[in-house]
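As structure tokens, the structure follows; a few thoughts come after it.
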Amino acid sequence: MVAAGRVARVVIDSALPQLDHFFDYRIPDELEAEARPGVRVKVPLRTAGRIADGYIAEIAADDDAFDGSLSPIESVVSPVPVLAPEVWSLARRVADRSAGTANDILRLAVPGRQVRVEKAWLAEREAAAVKAGSKVTPTAPSIAEPAVRGYGKRVLEDAVLQHERLALDAIPRLAQLPDGSWVGEWAVTLATLATGCWSRDESAIIAVPDYRDLDQLAAALTAIAPAAAVARVDAAQSNPDRYRAFLSALSGPRIVIGNRSVVYAPATRLGMIVVWDDSDPLHAEPLSPYVHTRDAALVRQELQKCALVFAGLTRSVEVQRLVELGWVTEVSPERAVLPKVVLTANQPAAEPVARAARIPSTAWQAARAALTGDRGDPRGPVLIQVARPGYAPVLACAKCGQAARCNRCDGPLGQSRAGATPSCGWCGALATDWHCDNCEHDRFRMVTVGAGRTAEELGRAFPGVRVIVSDGEHSLQTVTDAPAIVVATRGAEPIAAGGYRAVLLLDGERMLARETLRVAEDCLRWWSNAAALAAPGAPTILVGVSGALARSFATGRTSEYARTELADRRALRFPPAVRLASITGAADVVAETVDAVDPGSLIDVLGPAPHGDGQVRSILRFEYAKGQEVAAAVRAAYVRNATRRRRAPAGKSGFRPAPSLRVRFDDPDIL
DNA sequence: AGCACGCCGACT
DNA sequence: GTCGGCGTGCTC
């Protein structure tokens, strides 16, 4: 093929679904050298003068191309191939699978260009290349592969080496790093595996749900891997830092760590993808097309044939399904490490102070033993896990018991601090002269008790003991090993040096009262994650919950629970036994979209049901095998809708109407 | 998104 | 006659 016959297949950087396909451009002679796959380009679109940004996805021969005359590429923005070919295929596949646009995925995959950072990086590369040219062999990583502990000799290492897919049961205990700090053992396990990849000159990607996890992982890596081997990519970084990390991942094998969108990071010779704690809701991408980290990781593994590790202290029902299909293989610790779990009923304690703090006797005694050492146990901090943040998040009328509502907007009233004036959770208005709608009474009673309140009562019970509160708003990463009462909302538990001497899970009953499909799974995860913060042999006390769920937690058989849960979902034809897609929007648009799908590829259609603001929602239910065709049909309807329906002229008001059609596949919170 | 094209109502 | 409304469609 002749050089002049080459065309650039460009993906236009635009949110418009109707532009979500290749546009072919001629490569002018003067750009021949720079026009490489993955580079950012500027291209004319429609009329001369209108210039769009885009990426060259591929270079192709002119034969099968567009049968009009090709416009030339306007310019190559920079020579850096920011869109690696495998990331492009991943974006395309993931978008198609979820009836979205590749651009929506690219927005997560490729950070905005930072010219200064990029120039510095290019200069550095140039310098390195000159050096290499002057007879220095490119340096391969020069560290030995570290051994993973706790899983049997080379069991994990070999599985990763052979690029297998694994469901890894993490070890529920803490580990101390050489610098004296403490992290979850899981962080050491994953850091060790990733460093193993890197020592073989391969990249590893590790996606964790939140920043607290990311910090633990980064700390564990610091102890094992050279700093230059690690690229941390997260949204909280400044744009230049983020771009620096991105370019670093592009430069050679790295251990790339970050939150959910790190699954799309560029990676030289990708050896392994790890998803830590895949049932954490933070792995569900809130931006269209709402692709879960787990699903993106599965697609990427299939494309690149690297190792894939779903690791967690508990197993998600989704991963359990993959295990039962034989798609992933279970790996458990060599010796079971079981937190010492005690179940106790919610009967009030004899001690008045304990009763005020609504802590049953067993739990109370464990806490007291840890704080005072009165049983001869080692003294140390006690973790108290509660369901809700705040002081008294929900208030009711003291006389008739009706929930207290804002007199202005009917929002729920709550109290943020002892003695504070209650305020509305919706409009924020202070309820200064509140009266009950029902009985006109004007005094409140607390219905749920938040972390702050519990802390206050416990503090009174143990004079002289420090009370520490960690919740979503003010979360602490660590506490020392000094005796202290640490009241934390689920997910915000600090790590105690050496582990907690007792862990009290207080609000299990309330956590279980939520009406979602995933309550049981969520509770197991919250409890297990807290129990893993206990010191060896220290008790974890689950208050007021009994039954199969509590038993599987107490016996450490959480994956067995995932199995029964999956069996139930199969019987009900609920996800993840089947797949769902929700279609939300104006009634006619939703109907049109649903009609575009061949009924033969669906199990059924639920709805349409009203879904707020004059919109409706229909839910399509289908088997995994039909995913391809359902997504294709929905995507076609979505594109058609975007071209046919114009946004109502904004007029003078400036109000933008909601998008007329929203499509979401596999929404974890749908039922 | 923008912008052109095109097919019907009010106008010098 | 034709100026211009915005519904419809296209962008390599």
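- The side-chain hydrogen bond (donor to acceptor under 3.5 Å, both in side chains) analysis of residues 594-605 of chain A, with sequence neighbours excluded, yields the pairs A/Asp604-A/Arg621.
- A straight line from CG of A/Asn103 to C1' of B/dA1 spans 13 Å, rounded to a whole angstrom.
- A/His21 is linked by a ring-ring contact (aromatic ring centres under 6.0 Å, His included) to A/Phe23, counting only residues two or more places apart in sequence or in another chain.
- Between the CZ atom of A/Arg26 and the P atom of C/dC12 there is a distance of 13 Å, given to the nearest Å.
- By the 6.0 Å and 45° rule, A/Arg9 does not stack over the aromatic ring of A/Tyr55.
- The CZ atom of A/Arg50 sits 11 Å away from the P atom of B/dA1 (whole-angstrom rounding).
- For the pair A/Ile12 CD1 and C/dT11 P, the computed distance is 12 Å after rounding to whole Å.
- Separating the CD atom of A/Gln18 from the P atom of C/dT8 is a distance of 15 Å, rounded to the nearest angstrom.
- Here the C1' atom of nucleotide C/dC12 and the CG atom of A/Asp53 are 16 Å apart, to the nearest Å.
- Across all strands shown, A/Leu19 has heavy atoms under 4.0 Å from base atoms, whether or not it also approaches the sugar-phosphate.
- Look at CD on A/Glu74: it is 13 Å from P on C/dC12, rounded to the nearest Å.
- One can place CD1 of A/Ile51 at 13 Å from P of B/dC3, the figure rounded to the nearest angstrom.
- Taking the centre and axis of the six-membered ring of A/Trp327, the NZ or CZ atom of A/Arg165 falls inside the cone set by 45° and 6.0 Å.
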